[in-house]
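Quick note: residue numbers are just sequence positions, from 1. Remember, it's 1-based here, ligands and their atoms both numbered in the order they're listed.
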Amino acid sequence: MKAIMLSYHWKHTAIIYDSSYIFFDYAGKNLVQDFRLDGEMARPYDIPFDPSKVRDYYDLLDEAKANARVFVIFCNAEILRDILWRAYETGFTDGDFVFITMELFPSDWLGYYREFLRGDGKDAGVTKAYESVLILTLRHLDNPEYLIFAEEVKRIAAQDFNYVFGDEEVNYFITAFYDSVIYLTIAINKTLEEGGNLSDGYTLARKLWNSSFPGITGIVAVDALGNRIADFDLIDMMSPTTRQFQRVGSFLGATLTYKPLTGKDIVWPNGLPMDVPRCGFKDELCITNTDPLENLKIIAGTTVAVLVLLAVAGVAGAFFYRKMKLESEIWKMSWLLTRDQIQMRKGRANDSFLSKSMLTVQTGEENSSLFERHVFTKTAICKGLTVAVRHLHLKTMDLNREVMVEFTEMQRLHHKNLAMFVGVCQDPEFRVVVMEYCPRGSLQDILENSSIDLDYSFRYSLIWDIVQGMLYLQGSSVGYHGRLSSTNCLIDSHFQLKLTDYGLHTLYMMDRKEEMKGANGTCFNTYKLLWVAPEHLRESHEYMKGSKKGDVYSFAIILQEITLRSPPFDDCTLTVDELLEKLKNPNTEIFRPKIPVDIFDKGLGYLMKECWCESPNERLTFPEIQEKVRNLRVGRSTNIMDNLLQRMSQYADNLETLVTERTEAYLDEKKRAEELLYRLIPSSVAKQLQLGNSVAPESYSCVTIYFSDIVEFTNLSATSTPIQVVEFLNQLYTAFDTTISNYDVYKVETIGDAYMVVSGLPIRNDNQHSREIANMSLHIRSVASNFRIAHRPDEKLRIRIGIHSGPVCAGVVGVKMPRYCLFGDTVNTASRMESNSMPLRIHMSSSTKSILDQFEGYEFEERGEIEIKGKGKMTTYWLNGRRS
Ligand SMILES: Nc1nc2c(ncn2[C@@H]2O[C@H](COP(=O)(O)OP(=O)(O)OP(=O)(O)O)[C@@H](O)[C@H]2O)c(=O)[nH]1
Ligand SMILES: [Mg+2]
């Protein structure tokens with residue numbers, strides 16, 4: 001570790017370690033102590049901790065920060081993740097700090113390492129923190145002797161122990177045992193050569209102390225106390241997107257040297273971190289710096305005045321020190337973001353099931369005209385985080401001292417109920433404030449989303465979160481929120497409420513002034529003023545900064561929204577502007593939202609009244625509100641976790657039902673579509689098409705084709721309306737379709753009054769095709785002769801049938817509306833059989849007859865030789881019937 005530290009010119013370290021990890025070598029020497037004793041290094045600052053007792057890992061980091069920028073951390077992976085998350089949350093991961101930890105076995109770390117991902121909302125932050133982490137692991141073995149040895153171990157494991165290694169490396173302990181045996185054999189040989197006594201184990205064991213020998217893992221170095229000095233690799237994350245790690249350097253035990261690997265630089269978030277910050281660990285170096293001289297003037301007027309002040313009292317000294325610290329932070333301007341650091345995300349931020357795409361708010365106008373607000377946060381990626389970007393209306397951003405102090409103060413705020421302030425960008429084209437993004441939308445979104453059921457405990461936990469955030473904010477140097485509203489209460493992925501858009505009083509005041517002027521083409525939305533306390537409404541908007549008591553009033557309006565689950569002042573019928581006027585100028589009566597008698601919690605009703613008193617001094621303070629809410633909450637189920645889980649499972653159930661319903665509907669639809677397709681194309685062919693396979697045309701050596709036609713259809717059509725014709729054909733073909741479903745046949749198509757059926761394809765059926773078609777023809781004939789034409793009840797339907805057998809080729813033609821078609825002379829001949837047939841008779845060719853002859857029971861009648869157009873003379877037959 002020392003070799004690594006010195007190689008990067010770091011001499012100051014803080015060792016943060018789980019005190020249950022005791023680092024002793026076999027001779028009983030405490031390794032942490034050992035690490036502390038080295039002339040070249042400053043004495044490392046030692047922070048042991050008991051994980052079960054640590055209240056907040058920030059405390060450890062804060063303590064370490066006062067002594068070092070390089071933190072060596074020893075603890076288990078879970079705790080490390082918690083520490084890193086806290087480090088990220090509290091601003092330790094921007095590149096000023098280094099975290100070195102140890103993970104003995106390297107195989108897990110090389111390649112893609114995702115084990116620190118948990119999907120708990122902290123992954124991005126922990127990944128960011130990993131940019132500052134270096135991991136020390138045992139050397140990755142790849143020397144030729146080791147590779148042969150590893151192969152051999154794998155072979156023996158499979159052969160003798162039936163254990164087959166996967167991708168994993170051969171365990172390091174196996175190689176260490178092997179090296180021990182080499183150690184022993186060398187020691188025995190040496191002892192024998194020297195004529196020593198083999199039964200003197202102690203001397204034997206000491207034979208190779210303070211020396212080295214070639215082992216299977218490379219050169220094995222043994223120190224003067226008999227400890228093996230292992231070889232280590234230093235590993236670093238190459239990129240936060242791929243989370244891929246790489247070796248950046250190696251430590252060789254035999255030479256006690258660390259060498260960075262050429263061409264494999266450590267990827268730092270912000271360059272190589274300095275061993276000592278510019279102003280020293282306690283800002284002590286800045287007091288005599290040139291820049292701070294300027295600062296001194298700013299703080300106390302003159303340098304002399306400050307020095308006098310310092311001399312006068314220790315208390316003043318402490319004050320001075322704090323001020324100096326703030327000054328150095330102000331000038332660091334770490335909140336200032338460049339345009340390149342903010343990558344806007346495309347599309348709207350609407351990734352929450354709680355956010356409605358459209359918020360519709362009733363303005364309260366006489367006719368209840370609805371005024372729609374369609375608001376989405378713009379989101380971006382900044383420093384590896386998804387952030388909410390708030391565009392400012394200011395034409396210029398004057399980074400005067402007051403504004404800079406505000407930014408610096410904002411940056412110091414860290415609380416679970418505050419959305420983090422990320423920074424500002426003052427690019428003329430892109431003047432924005434960047435805040436932590438909360439994916440589940442605002443409190444207003446939740447309240448307006450009727451599909452979310454809000455019970456007591458949930459409402460109380462929302463209120464509780466607001467109070468906690470406000471207590472912290474009002475106790476901080478920022479002093480008050482200034483624009484507390486339900487749109488500035490956000491819900492994060494853990495359903496925790498976080499306040500946003502707080503502070504920055506000077507900047508936001510100037511910005512609101514511009515917004516009201518309509519800068520950047522915006523139109524100021526007076527609806528936002530419904531949360532502003534009357535005393536501030538009365539001020540000129542330009543000075544409407546806000547106050548602690550003003551926040552309490554805004555909180556009361558949010559309480560109204562939560563308890564009544566309605567927008568502010570929802571009960572009144574005034575327009576927003578009329579309403580604001582009334583609030584500004586109360587006549588005899590103070591104007592506030594009405595609290596219905598059946599309010600779900602009377603206690604909350606009283607609390608609202610105590611918070612929106614007209615006189616700011618009569619309003620409660622947040623500590624008092626906290627007490628009241630705590631008392632009101634007693635007796636209600638406060639287990640937000642249970643409640644949340646219940647809600648989540650309810651939501652999941654709803655989703656599951658929805659998914660099942662949709663899936664069923666989809667499957668039904670699919671089935672219908674498939675059935676339709678199977679009617680157009682034989683199912684075996686359709687399946688091939690669905691799989692994306694092309695269907696090659698196929699020839700069939702013998703199939704039987706049926707054609708039938710309605711006698712005098714032209715006359716019938718001429719004397720019927722088109723609708724009657726369609727209805728008639730539909731009824732007839734439905735009857736035919738039902739009939740043919742009893743046979744192994746495929747209906748090729750209907751063309752007008754013609755009906756075409758084939759048997760023997762696409763699935764071949766030997767010679768059965770002639771029989772199937774013959775039987776079907778007889779059946780259809782009887783169906784047709786019994787068929788009554790609905791609009792001509794007295795007329796008898798007569799059809800002509802013709803059948804013929806022979807070779808055909810079948811294939812799918814067309815892309816847009818693919819059709820399965822038959823080609824070949826057999827089709828024409830079959831059609832000719834039909835056209836030369838007689839009413840209610842089945843006319844067949846000799847080829848069909850000769851196949852049918854193989855089957856018994858058919859009654860034929862030779863028709864004799866007839867002239868068939870395009871074919872010449874053919875002997876044909878009538879199929880009259882079949883003996884049962
Ligand atoms: N989902 C989500 N919505 C946000 C986030 N930040 C702001 N919003 C919403 O984006 C919309 C526009 O926000 P703003 O421009 O801050 O306007 P506002 O909050 O109504 O008013 P002021 O902040 O007081 O100016 C509001 O509906 C916010 O609730 C966020 O981090 N996540
Ligand atoms: Mg806002």
For the residue pair Ala556 and Cys611, what are the closest heavy atoms and their distance?
CB-CB, 3.5 Å
Compute whether any side-chain donor of one residue and acceptor of the other, for Glu581 and Asn585, lie under 3.5 angstrom apart.
yes
Is the closest side-chain donor-acceptor distance between Thr377 and Thr379 under 3.5 Å?
no
Does ligand 1 have any atom sitting under 4.0 Å from a heavy atom of Ser485?
no
Measure from atom 17 (O) of ligand 1 to every heavy atom in Lys378, Lys528, Arg483, Gln444 and give the option owning the shortest one.
Lys528
Is Thr487 touching ligand 1 with its side chain, its backbone, both, or neither, if touching means heavy atoms under 4.0 Å apart?
both
Among Tyr502, Trp531, Phe555, Tyr553, find the residue that satisfies the side-chain contact (heavy atoms from CB on, under 4.5 Å) test when tested with Leu484.
Phe555
Considering only heavy atoms of Ser442, which atoms of ligand 1 have at least one such atom less than 4.0 Å away?
29 (O)
Does atom CD (Glu627) have a neighbourhood of more than 12 heavy atoms from anything else shown, all under 6.0 Å?
yes
Output the list of atoms in ligand 1 that are nearer than 4.0 Å to some heavy atom of Gly441, sorted by atom number.
1 (N), 2 (C)
Under 2.8 Å from the Mg ion (ligand 2), how many protein N, O or S atoms can be found?
2
Answer side chain, backbone, both or neither: which part of Arg390 comes under 4.0 Å from ligand 1, heavy atoms only.
side chain
Do any N or O atoms from the side chain of Glu561 and from the backbone of Leu447 form a donor-acceptor pair under 3.5 angstrom?
no
Using 30° and 60° as the class limits, which term best fits the ring planes of Phe407 and Phe421: parallel, tilted or perpendicular?
parallel
Which pair of non-hydrogen atoms, one from Gly603 and one from Leu632, has the smallest distance, and what is that distance?
CA-CD2, 3.6 Å
Using only atom types and a distance under 3.5 Å, with no angle test, would you say the side chain of Gln560 pairs donor to acceptor with the backbone of Pro567?
yes
Close-contact set for ligand 1 against Asp501 heavy atoms, below 4.0 Å
16 (O), 23 (O)
Sub-4.0 Å atoms of ligand 1 with respect to non-hydrogen atoms of Ala388:
31 (O)
For ligand 1 and Arg440, I'd like to know whether there is a polar contact (N/O to N/O, distance under 3.5 Å).
no
Ignoring hydrogens, what is the shortest heavy-atom contact between Lys416 and Gln496? Give both atom names and the distance.
CD-NE2, 3.6 Å
Under 4.0 angstrom from ligand 1, any heavy atom of Glu436?
yes
Could you label the plane-to-plane angle of the Tyr58 and Phe92 rings as parallel, tilted or perpendicular, counting under 30° as parallel and over 60° as perpendicular?
perpendicular
Could an N or O of ligand 1 be found under 3.5 Å from any N or O of Cys438, whether backbone or side chain?
yes
If we only consider heavy atoms of Thr500, is any one of them less than 4.0 Å away from an atom in ligand 1?
no
Within 45° of the six-membered ring axis of Phe430 and under 6.0 Å from that ring's centre, is NZ or CZ of Arg339 located there?
yes
